[in-house]
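Comments concern the structure below.
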Amino acid sequence: MIDNPCTFFVPGPTWVRPEILEEMTRPMIGHRSAEFKALFSGIRPGLRELFGTTGEVFVATSSGTGLLEAALINCVGRRVLVTTCGAFSERWLSIAQKLGLEVDRLDTEWGEAVSPDRLADHLEGRQQHYDAVTITHNETSTGVINDVESLARVVQEESPGSLILVDAVSSLAGAPMSCDAWGIDVCVSSTQKGIALPPGIAVFSVSERAFEVARERPYRGTYFDFLEFQKNAALDSVPFTPSVPHFYALARQLRDMAAETLPVRFERHRAMRALTLERTARYATPMAKLEFASPTVSALRPHRGDSEVLRSRMKKRGFTLGGGYGKWKELCFRIGHMGDISLEALSSMLDVLGEEAEQ
Ligand SMILES: *Cc1c(COP(=O)(O)O)cnc(C)c1O
C-alpha cells in the first residue's frame, strides 16, 4: 500500500489519494487494444457529467495550457477578447499574442471577479467581431471564482456569433459547470487540480458550434486538432499515444466521484472555503473580495510577518502550502483546498497554521 497522508495543500498539483496512485501501477495495455477502448468509453460518461454536457468530451495527454492554446488555434481565425482578473486569465492573453491573433483585453482588478455589466458595456454595439471570448472560471492566483453563467449569457446576448472558451482548470470537479445550459463552446481542465490526479493529462469539451468553426479553419495544428480527437473518439480512441496510467486513474476517480456525488463534492468544497476563511481570519486577510471567494483555493495575506517565512515554518511542521503567484508572489500565500482533501485534513492543517501564524 502506498502511504500518502494529506499534508499537501498547494493549489495544483493537489494531494492524490493512495488508491489513485495505486491505479497507475496497473500493467500496460496498447492504446489501440480492445481493453483501451473499453477503458476510454467507460471514462466518457463521467466526464460528460462533470462538464454538464451531452456533447463531445475528450482527454489529451498534456497539461491544461496545451488545450488553452488548442482552443485558440482551432476556434479563432482572427480576433479574440480575453477577460482577465489575475495571472491565469492573462495566460489566454499571452498565448493569443504568441499565435499572432488580434487580441483585446477586458481587465479586472486582481481580487475581483469579471463584471458581467462591464463585459456587456465592452461588447455592446461593437463594430468589430470577436471570433471568441475567453473566460477563466476560477482565477487560481487570486482565489476568485467568476460567474461563468452570467458572463456567458452576456456574450450570447451582445455578441452571439462569438464562441465562448472557458478555462475551468482549477474549478472543474470543485464547482458546478454546465457547458450545455450555459452555452460554453470549449471548456478545458487539467486533472491535477479539482480532479486530483497526478499531473499529466487534461480534459475538454467541444460544442457542435465549435466543431463547425474548426472545420473551416485551414490550420488546426497536429497534436491538438479537435477534428482528429472527434474522429478517434467515435472509435473510442485517441489520436496519439496517451498516458495510459492516467486513464486508469481517471476511470477510478470518476467512479469515486459518482459515489460521493457531485452535489456533495461541491458542498464539501464550499465548506472547505468557509472553514479556511473562518479559521485564518484572526491573522490573515483574503486577497479575494469575499463575495467572489473561490471554493477551491484561498490566497491569504498575513497581518504580520512574511508569508514566505510562514510557509517555510509550515514546511518544517510537515505541511506544504502554495506561495503567492505572479505579481502577488511576495504578498500572500495560497491554500489549495480542492480535489479529495477532507474537511478533517484541512482542519488539522489549519490548527498548525494558526499556531505558526500567531506565534
Ligand atoms: C494551473 C492552471 C493553469 C495551468 O494549467 P497547467 O495544467 O499547468 O497547464 C491554467 N489555468 C488555471 C486557472 C490554472 O489554475
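Numbering of residues begins at 1 and proceeds along the displayed sequence. Ligands are counted one by one from 1 in listed order, and the atoms in each one are counted from 1 as well.
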Exercise. What protein heavy atom sits nearest atom 2 (C) of ligand 1, and how far away is it?
Worked result: Lys193 NZ, 2.6 Å

Seminar exercise, completed: re atom 8 (O) of ligand 1, the protein heavy-atom contact at minimum distance is Gln192 NE2, 3.7 Å

Exercise. Quick one: does Gly64 get an N or O within less than 3.5 Å of an N or O on ligand 1?
Worked result: yes

Exercise. Which ligand 1 atoms are under 4.0 Å away from a heavy-atom of Ser170?
Worked result: 13 (C), 15 (O)

Exercise. Is there side-chain contact between Asn74 and Arg217, with at least one heavy-atom pair below 4.5 Å?
Worked result: no

For this session: Would you check, one step at a time, whether the test side-chain hydrogen bond (donor to acceptor under 3.5 Å, both in side chains) holds for Arg279 with Ser347?
Result: CA-CA 9 Å; Arg279 297 277 306 278; Ser347 180; 3.2 Å; yes

For this session: Look at atom 6 (P) of ligand 1 and say which protein heavy atom is nearest, naming residue and atom and giving the distance to 0.1 Å.
Result: Ser63 OG, 3.4 Å

Exercise. Nearest protein heavy-atom contact for atom 15 (O) of ligand 1: which residue, which atom, what distance?
Worked result: Thr140 OG1, 2.4 Å

Exercise. Do Val169 and Phe88 come within less than 4.5 Å of each other through their side chains, counting heavy atoms only?
Worked result: no

Problem set entry | Shortest non-hydrogen separation from Leu277 to Ser298 and the atoms involved | CD2-OG, 4.1 Å

Exercise. Tell me: protein heavy atom nearest atom 7 (O) of ligand 1, and distance?
Worked result: Ser190 OG, 2.6 Å

For this session: For Ser41, check side-chain contact (heavy atoms from CB on, under 4.5 Å) against everything at least two apart and list the hits.
Result: Asp236

For this session: Please name all residues satisfying salt bridge (Lys or Arg N to Asp or Glu O under 4.0 Å) with Arg105, sequence neighbours left out, ordered by chain then number.
Result: Asp107

Problem set entry | atom 4 (C) of ligand 1: the protein heavy-atom neighbour that sits closest, reported with distance to 0.1 Å | Arg91 NH1, 3.2 Å

Exercise. Given side chains that start at C-beta, do those of Ile145 and Thr296 come closer than 4.5 Å, heavy atoms only?
Worked result: no

Seminar exercise, completed: The atoms of ligand 1 lying under 4.0 Å from a heavy atom of Asn138, numbered in the order shown, are 13 (C)

Exercise. Taking atom types as modelled and ignoring hydrogens, do the side chains of Thr61 and His246 form a donor-acceptor contact shorter than 3.5 angstrom?
Worked result: no

Problem set entry | Proximity of Thr65 to ligand 1 by residue part, where a heavy atom lies under 4.0 Å | both

Problem set entry | Which segment of His137 sits under 4.0 Å of ligand 1 when only heavy atoms are counted | neither

Problem set entry | Residue-ligand contact Glu139/ligand 1, heavy atom below 4.0 Å | no

Exercise. Does any non-hydrogen side-chain atom of Arg252 lie less than 4.5 Å from one of Arg26?
Worked result: no

For this session: If you have a sec, work out which protein heavy atom is nearest atom 10 (C) of ligand 1 and how many Å separate them, to one decimal?
Result: Asp167 OD2, 3.4 Å

Exercise. Is there any N or O on Thr136 that sits under 3.5 Å from an N or O of ligand 1?
Worked result: no

